[in-house]
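So the structure is just underneath, and the comments pick up after that.
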Amino acid sequence: HVLVNKLSYKLHEVHRGDVVVFDRPTTWQVSESHLIKRVIGLPGDTLAVRKGKLFVNGLELDEPYLDSKCGPMTSLGESPAKSTTSYGPVPKDEVFVMGDNRCDSSDSRAFGPVPESDIVGRAFVIIWPLGRLHYL
C-alpha cells in the first residue's frame, strides 16, 4: 500500500523518476484499473535499451531502484544480447513509464506512453507491509 499525493501535479510538472499512480489507459490489456509505475520518459524524449542498459536522449540512466533479482532489462524480449531496442519520441502531454520490477512489468514498452491526464498523483511512501515502510 502506498500514499499518493493527488495535488502535486496541480503545482508542478511530472518529473523523470517520479513514481506515479494512473488510471489504466483503455488500450492497456491488464486487469487492474489503477497502475503504479516510474516515469522514465518525458514529452520529446527518445529511449533506447542497449545491451541491457537504459538510455534517455543518448545518456545512460542510473537506476538504483531496480529490482536486482531481475537482471538487466529481461522482459519483453529485451536482453543484454540484443543490440538496441528504441522507443519514442514520447508524444506531447504523455509520459513513458516502466515498472521497477522490469522482468514482470506491463508498461509503456508494451502498451505505449500514458497521457498525463490519466495520472492520479505521485506515490511518495510505501506504508504496508510495515517491514517495507520507506519513501519512494
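When a residue number appears, it is its place in the shown sequence, counting from 1. Computed from a predicted structure; not experimentally measured.
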Do Glu63 and Leu54 come within less than 4.5 Å of each other through their side chains, counting heavy atoms only?
yes
Minimum heavy-atom distance Pro91-Pro113, with the two atoms named
CD-CG, 3.7 Å
Expected output: side-chain Asp100 to main-chain Leu66 donor-acceptor under 3.5 Å
no
Heavy-atom side-chain contact between Glu13 and Glu116 under 4.5 Å
yes
How about Val2 and Val4: do any of their side-chain heavy atoms sit closer than 4.5 Å?
yes
So, for Ile40 and Arg16, which heavy atoms are closest and what is the spacing to 0.1 Å?
O-NE, 2.8 Å
For Trp28 versus Ser106, what's the shortest heavy-atom pair and its separation?
CZ3-O, 3.7 Å
Compile the donor-acceptor pairs under 3.5 Å between side chains in residues 20-27 and protein atoms, sequence neighbours left out, one pair per line.
residue, atom, partner, partner atom, Å
Asp23, OD1, His34, NE2, 2.9
Arg24, NE, Val30, O, 3.3
Arg24, NE, Glu32, O, 2.8

Assess whether side-chain contact (heavy atoms from CB on, under 4.5 Å) is satisfied between Val90 and Leu47, documenting all intermediate values.
CA-CA 9 Å; Val90 179; Leu47 298 91; 3.9 Å; yes
Look at the side chain of Ser108 and the backbone N and O of Val97, then say whether any donor-acceptor pair between them is shorter than 3.5 Å.
yes
Would you say Leu35 and Val19 are hydrophobically clustered, going by side-chain heavy atoms of ILVMFWY under 4.5 Å?
no
Answer with yes or no whether the hydrophobic clustering places Phe96 together with Val39; edges join I, L, V, M, F, W, Y residues whose side-chain heavy atoms lie under 4.5 Å apart.
no
Charged tip of Arg109 within 45° of Tyr87 ring normal and under 6.0 Å:
no
Please evaluate residues Lys6 and Val120 with respect to the criterion side-chain contact (heavy atoms from CB on, under 4.5 Å), reporting the C-alpha separation (whole Å), side-chain torsions for both, the decisive distance (0.1 Å), and the verdict.
CA-CA 6 Å; Lys6 293 182 177 184; Val120 173; 3.8 Å; yes
Please report the interatomic distance CG(Leu3) to CZ(Arg122), rounded to the nearest 0.5 Å.
11.0 Å
Measuring from atom CG of Asn5 to atom NZ of Lys10, what distance do you get when rounded to the nearest 0.5 angstrom?
10.5 Å
Can a donor-acceptor pair be found, under 3.5 Å and without considering hydrogens, that links the side chain of Arg38 to the backbone of Met98?
no
For the residue pair Lys37 and Ser105, establish whether any side-chain heavy-atom pair is separated by less than 4.5 Å.
yes
Using side-chain heavy atoms (C-beta onward) and a distance below 4.5 Å, is Val95 in contact with Ile119?
yes
Donor on one side chain, acceptor on other, Asp18 and Tyr9, under 3.5 Å
yes
Shortest non-hydrogen contact from Pro89 to Gly44?
CB-O, 3.9 Å
